[in-house]
Amino acid sequence: MTDENKAIANRFYNEYGNQGIVSVAEELIATDFVDHNPPSPDFAPGIEGVKQVFTLYRSAFPDMTLTIEDQMSQGDKVVTRVTFRGTHKGELMGIPPTGKTVTMSLIDIHRMEGGQIAERWGESDAMGMMQQLGVAPPPPG
């Protein structure tokens with residue numbers, strides 16, 4: 001089952017994340033999906049929240065790409081380390097476009113159930129992205 005679960009995660013990142021094929025998200029995200037670490041508490045629960053996240057980032061970074069760097073699977077969980085890249089050409093949470101290209105690392109843990117993504121726990125270097133955009137101070141040192 002671990003290879004099948006990895007294939008589900010890969011489709012999510014490549015077909016929905018990179019290509020924006022909304023029907024893939026609707027196919028791969030469970031109706032009772034829970035995101036334990038949404039980027040904002042203002043996002044809707046379930047698949048609608050997933051769509052909001054990707055709409056937000058795709059609007060701000062229309063050339064965004066997600067590159068899978070590492071992936072491991074055990075039982076019903078898949079851990080994926082991803083690199084996000086994009087050029088800031090649209091508003092992002094009130095930040096006007098800067099034209100800057102950013103790179104952000106992400107690590108997601110997805111729990112699979114019935115061939116779909118049922119839960120997500122994730123961490124991202126959002127502060128590093130804000131520093132690259134020039135809206136947060138650089139790290140000390």
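All values derive from a computational prediction rather than experimental measurement. In what follows, every heavy atom counts, from backbone to side chain, and hydrogens, waters and symmetry copies are set aside. Along the sequence shown, residues carry numbers from 1.
- Residue pairs meeting the side chain to side chain donor-acceptor pair (under 3.5 Å) criterion with at least one member in residues 95-105, sequence neighbours excluded, are Thr87-Thr101, His88-Thr98.
- With Arg58 contributing its side chain and Gly17 its backbone, the two residues share a donor-acceptor pair below 3.5 Å.
- The list of ring-ring contact (aromatic ring centres under 6.0 Å, His included) pairs with a residue in residues 121-141, not counting sequence neighbours, reads His36-Trp121.
- Residues passing the salt bridge (Lys or Arg N to Asp or Glu O under 4.0 Å) test with Glu113 are Arg111, sequence neighbours excluded.
- We find the CG-CD1 distance between Asn10 and Ile68 to be 4.0 Å, quoted to the nearest 0.5 Å.
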Show the atom names and distances, to 0.1 Å, of all donor-acceptor pairs under 3.5 Å that link a side chain in residues 134-141 to residues at least two apart or in another chain.
none

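- Note on Phe61: it clusters hydrophobically with Leu56, by side-chain heavy-atom contacts below 4.5 Å among ILVMFWY residues.
- Inter-residue side-chain proximity for Met129 and Leu92 is flagged as met; some heavy-atom pair is nearer than 4.5 Å.
- Two residues are said to be in side-chain contact when any heavy atoms from C-beta on lie closer than 4.5 Å; Val53 and Pro39 meet this criterion.
- Taking the side-chain hydrogen bond (donor to acceptor under 3.5 Å, both in side chains) definition, one finds that Asp35 meets it with Arg120, sequence neighbours left out.
- Qualifying side-chain hydrogen bond (donor to acceptor under 3.5 Å, both in side chains) partners for Glu27, counting only residues two or more places apart in sequence or in other chains: Arg11.
- Evaluation of the salt bridge (charged side-chain N to carboxylate O under 4.0 Å, His left out) test over residues 122-132, restricted to residues two or more places apart or in two chains, returns none.
- The shortest distance between side-chain heavy atoms of Val102 and Met104 does not fall below 4.5 Å.
- Partners of Asp70 according to the salt bridge (Lys or Arg N to Asp or Glu O under 4.0 Å) rule, which considers only residues two or more places apart in sequence or in another chain, are Arg81.
- Atoms CG and CG, on Leu66 and Asn18 in that order, are 5.0 Å from each other to the nearest 0.5 Å.
- Applying the side chain to side chain donor-acceptor pair (under 3.5 Å) definition to pairs two or more places apart or across chains, those involving residues 48-57 are Glu26-Lys51.
- Rounding to the nearest 0.5 angstrom, the gap separating the CD atom in Gln71 from the OG1 atom in Thr2 is 10.0 Å.
- In this view, Tyr13 and Asp108 satisfy the side-chain hydrogen bond (donor to acceptor under 3.5 Å, both in side chains) rule, not counting sequence neighbours.
- Grouping Ile, Leu, Val, Met, Phe, Trp and Tyr residues whose side-chain heavy atoms lie under 4.5 Å apart, directly or via other members, leaves Met127 alone, with no other cluster members.
- Not a single side-chain hydrogen bond (donor to acceptor under 3.5 Å, both in side chains) links Thr65 to another residue, sequence neighbours left out.
- Counting heavy atoms from C-beta outward, Glu15 and Leu28 have side chains that stay 4.5 Å or more apart.
- Atom-to-atom distance recorded for Lys77:NZ and Met72:CE is 14.0 Å, nearest 0.5 angstrom.
- Put simply, OH on Tyr16 and CD1 on Ile29 are 8.0 Å apart, with the number rounded to the nearest 0.5 Å.
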